[in-house]
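Single-structure report; data block below.
None of these values were measured; they are calculated from a predicted model.
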Amino acid sequence: PFNKIIYDGANYIFGDSGTGYIRGASNPTPFTAVNLGAENKNFAGFDVDSEGIYYVAIPGENTIKCFPTACDSRLDFKSLRSPMDVEVGFFEAETTESLFVSDSGNGRIVRYILSGPNTGITDEPLASGLSFPTGLVYYEKDPTQRFLFVADTFNHQIRRINLMADQTIPIIVGDGDNDACDNTAKY
């Protein structure tokens with residue numbers, strides 16, 4: 001297993017990087033959720049939206065691919081450099097899903113709107129000035145509290161983006177020192 005595990009209420013879904021499969025397990029039977037094909041075996045992160053479309057980060061190709069169908073042609077992933085993770089969630093008070101991407105090579109997090117008349121990338125990065133951001137986790141406490149947690153890898157920090165307000169990105173864990181972390185969560 002690699003990167004993340006998703007529980008959809010009935011199954012556990014996980015990446016099996018190196019094989020080109022996103023696999024699942026429903027006690028006691030394992031299954032293949034998506035076959036990405038041998039050409040996509042070195043994928044990084046993935047997530048699935050409410051319609052069952054898997055979004056998969058392919059860092060070696062600087063793109064995001066969709067399975068089992070092709071991505072909406074309005075989603076333009078050309079500016080990405082080494083995307084390492086994706087996360088589906090909601091931005092501000094919107095009811096349309098967004099795709100958040102750790103654009104690691106460009107040191108930023110970008111947001112794509114997944115459906116409706118505004119489908120595609122937003123005007124500005126959601127966060128920039130990061131140092132090779134990798135893992136993402138979307139957390140919604142309730143519809144008024146939505147957050148995106150980011151592994152700011154080379155800064156040795158975990159950051160939290162408030163998706164409901166000013167999109168500030170305070171440090172939650174880490175002091176920027178590779179050798180010493182105070183391990184104090186700052187919520």
Side-chain angles (χ1 to χ4, degrees), residues 2-6 8 13-23 32-92 94-140 146-155 159 161 163 167 169:
F2 178 76
N3 190 277
K4 72 174 65 172
I5 298 172
I6 299 170
D8 67 5
I13 310 294
F14 57 91
D16 194 0
S17 186
T19 66
Y21 292 100
I22 295 175
R23 301 188 188 273
T32 297
V34 180
N35 180 350
L36 306 176
E39 69 277 10
N40 299 310
K41 70 179 184 177
N42 293 318
F43 69 95
F46 74 95
D47 205 358
V48 61
D49 70 11
S50 61
E51 295 183 14
I53 298 173
Y54 286 81
Y55 296 86
V56 181
I58 313 285
E61 296 180 31
N62 297 318
T63 196
I64 306 298
K65 292 186 178 179
C66 299
F67 297 91
T69 61
C71 292
D72 186 307
S73 62
R74 295 172 290 176
L75 295 171
D76 181 3
F77 300 120
K78 292 178 185 149
S79 68
L80 299 176
R81 273 187 41 228
S82 197
M84 295 302 290
D85 201 4
V86 295
E87 192 74 15
V88 174
F90 297 95
F91 183 72
E92 294 181 339
E94 295 176 359
T95 57
T96 301
E97 287 178 313
S98 287
L99 180 70
F100 302 99
V101 178
S102 61
D103 186 9
S104 301
N106 288 319
R108 64 188 187 153
I109 306 299
V110 292
R111 178 176 74 100
Y112 296 83
I113 300 169
L114 291 181
S115 63
N118 296 320
T119 298
I121 193 167
T122 55
D123 295 332
E124 298 292 325
L126 187 60
S128 60
L130 304 172
S131 187
F132 209 76
T134 53
L136 299 174
V137 173
Y138 174 82
Y139 173 69
E140 181 174 314
R146 296 171 173 170
F147 303 96
L148 186 67
F149 291 85
V150 180
D152 191 0
T153 305
F154 294 155
N155 283 328
R159 295 177 175 268
I161 302 173
L163 298 174
Q167 287 80 55
I169 55 170

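Inter-residue side-chain proximity for R146 and F91 is flagged as unmet; no heavy-atom pair is nearer than 4.5 Å. With contacts defined as side-chain heavy-atom distances shorter than 4.5 Å, the pair I53/F67 does not qualify. Side-chain contact between L130 and R159: present, with at least one pair of heavy atoms (C-beta onward) separated by less than 4.5 Å.
Side-chain contact, T134 with S102: no donor N or O sits under 3.5 Å from an acceptor N or O. Residues R81 and N106 have side chains that bring a donor and an acceptor to within less than 3.5 angstrom of each other. Defined by atom type and a distance below 3.5 Å, a donor-acceptor pair is present between the side-chain atoms of R108 and S79.
Checking D85, V150, D152 one by one against I109, the side-chain contact (heavy atoms from CB on, under 4.5 Å) holds for a single residue, V150. The residue from V110, V101, T63 that alone fulfils the side-chain contact (heavy atoms from CB on, under 4.5 Å) condition with P83 is V101.
Counting heavy atoms of neighbouring residues, nucleotides and ligands inside a 6.0 Å radius, atom OH of Y21 does not exceed 12 of them. Heavy-atom neighbours of E51 CD from other residues, nucleotides or ligands within 6.0 Å: at or below the threshold of 12.
Side-chain atoms of Y139 do not come within 3.5 Å of backbone N or O of F149 as any donor-acceptor pair. Side-chain atoms of E87 never come within 3.5 Å of backbone atoms of F100 as a donor-acceptor pair (strictly under, hydrogens ignored). Remark: the backbone N or O of D16 is paired with a side-chain donor or acceptor of T19 at under 3.5 angstrom.
V88 pairs by the side-chain contact (heavy atoms from CB on, under 4.5 Å) definition with D47, D49, Y55, E97, L99, L114, not counting sequence neighbours. In terms of the side-chain hydrogen bond (donor to acceptor under 3.5 Å, both in side chains) criterion, residue partners of E61 (sequence neighbours excluded) are, by chain and number, K65.
What you find for G107 and P133 is that their closest heavy atoms are CA-CD, 3.8 Å. Taking all atoms of both residues into account, the shortest heavy-atom contact from A33 to Y54 is CB-OH, 3.7 Å.
Distance check, rounded to the nearest 0.5 Å: CD1 of I13 to CD1 of I6 gives 7.0 Å.
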(request) Please step through side-chain contact (heavy atoms from CB on, under 4.5 Å) for the pair V56 and N40, ending with a clear verdict. (result) CA-CA 9 Å; V56 181; N40 299 310; over 6 Å; no
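Note on R111 versus E92: no salt bridge recorded, every NZ/NE/NH1/NH2 to OD/OE distance being 4.0 Å or above.
Within the 6.0 Å centre-distance limit, the rings of F132 and F154 are counted as a close aromatic pair.
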